[in-house]
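Data block below; observations after.
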Amino acid sequence: MPIDAELLDQWLDEHNAVDFVDVDGTGDADIYVVGDEAWHWEGRSWQQICLPNDLPLNAIKMVSPDMVFVAGRGGLLVGNAIDGFSTATSVTTEENFTSIEWFEGKLYLASPAGLHVYDLKTRTIVRCRTRLAPELQDAHSLEARDGVLWSFGLKDIARFDGYAWVRIDHPDNSPIR
């Protein structure tokens with residue numbers, strides 16, 4: 001039986017529960033969790049993080065203790081639990097970022113509309129051009145392991161070794177050509 005998202009949200013609100021969807025950290029004394037809220041564990045206790053907006057969060061990536069990215073419905077935040085968080089871009093977006101990953105000095109962002117990359121210098125989020133034909137259809141989850149960035153979508157799977165993107169046929173769908 002499928003879960004009714006509105007009923008679940010109502011139950012969480014009524015029971016003062018928090019719905020976490022992602023976790024990242026550098027060790028036992030530096031852990032972040034995000035979802036309906038953002039929290040930080042500094043080794044002794046959990047502290048709620050004050051954010052510049054109250055939009056739902058889907059993903060967190062700790063690049064270093066000083067540089068933590070948080071993404072979700074409506075944008076990207078950067079900061080840390082000590083100094084606070086701020087909007088990472090000067091442009092607002094309606095994009096729902098579902099996953100973020102740091103790979104070879106760049107932050108990649110997944111969304112139902114495809115793959116994006118954050119430019120640290122210009123503070124902009126741009127569509128990632130993979131040179132696949134056709135371009136990536138969707139991206140949902142990103143994972144970097146052993147020198148490879150993986151993009152898993154509902155329709156499309158691809159890997160990037162730092163030089164070229166390669167599409168992997170999705171086992172549940174017809175090949176994308």
Among the clusters formed by ILVMFWY side chains lying less than 4.5 Å apart, do [X] and [Y] turn up in the same one?
X    : Y    : result
L120 : F97  : yes
I100 : W102 : yes
L57  : V33  : no
V68  : V34  : yes
I168 : L132 : no

side-chain contact (heavy atoms from CB on, under 4.5 Å) for V70 and Y32? Distances and angles first, verdict last.
CA-CA 10 Å; V70 178; Y32 289 83; over 6 Å; no
Candidate pair N58 and N96, rule side-chain contact (heavy atoms from CB on, under 4.5 Å), full reasoning
CA-CA 8 Å; N58 298 321; N96 183 22; 2.7 Å; yes
Nearest heavy atoms of [X] and [Y], plus distance in Å:
X    : Y    : result
M62  : D30  : CE-OD2, 2.9 Å
Y108 : F103 : CE1-O, 3.7 Å
V23  : I31  : CG2-CG2, 3.7 Å
D22  : A59  : OD2-CA, 3.3 Å
A139 : G114 : CB-O, 3.7 Å
R127 : L115 : CD-O, 3.4 Å

Does any part of the side chain of I125, heavy atoms only, come nearer than 4.5 Å to the side chain of E95, both counted from C-beta?
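No, every pair of side-chain atoms sits at 4.5 Å or beyond.
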Any side-chain heavy atom of P171 sitting closer than 4.5 Å to one from I157?
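They are in side-chain contact.
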Flag, side chain of [X] to backbone of [Y], donor-acceptor distance under 3.5 Å:
X    : Y    : value
S151 : A158 : no
R123 : A88  : yes
N80  : S64  : no

Does R73, at its CZ atom, have more than 12 non-hydrogen atoms belonging to other residues, nucleotides or ligands within less than 6.0 Å?
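It does not: R73 CZ has 12 such atoms or fewer within range.
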Straight-line distance of [X] [atom1] to [Y] [atom2], nearest 0.5 Å:
X    : Y    : atom1 : atom2 : result
I49  : L77  : CD1   : CG    : 10.5 Å
L76  : S86  : CG    : OG    : 9.5 Å
W150 : D161 : CH2   : CG    : 10.5 Å
T130 : L136 : OG1   : CG    : 5.0 Å
W46  : H40  : CH2   : NE2   : 8.0 Å
E37  : C50  : CD    : SG    : 11.5 Å

Which is it for M67 and F69 under the side-chain contact (heavy atoms from CB on, under 4.5 Å) test, yes or no, and what are the steps along the way?
CA-CA 7 Å; M67 188 177 358; F69 289 97; 3.5 Å; yes
Are the ring centres of H140 and F152 closer than 6.0 Å?
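Between H140 and F152, the centre distance exceeds or equals 6.0 Å.
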Is the shortest side-chain N to carboxylate O distance from K106 to E104 below 4.0 Å?
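Salt bridge absent between K106 and E104.
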Parallel, tilted or perpendicular, as decided by the 30° and 60° cut-offs, for the rings of F160 and W165:
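Because their plane-to-plane angle is under 30°, the rings of W165 and F160 count as parallel.
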From H170, R167, Q137, residue fulfilling side-chain hydrogen bond (donor to acceptor under 3.5 Å, both in side chains) relative to D156:
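Only one option passes, and that is R167.
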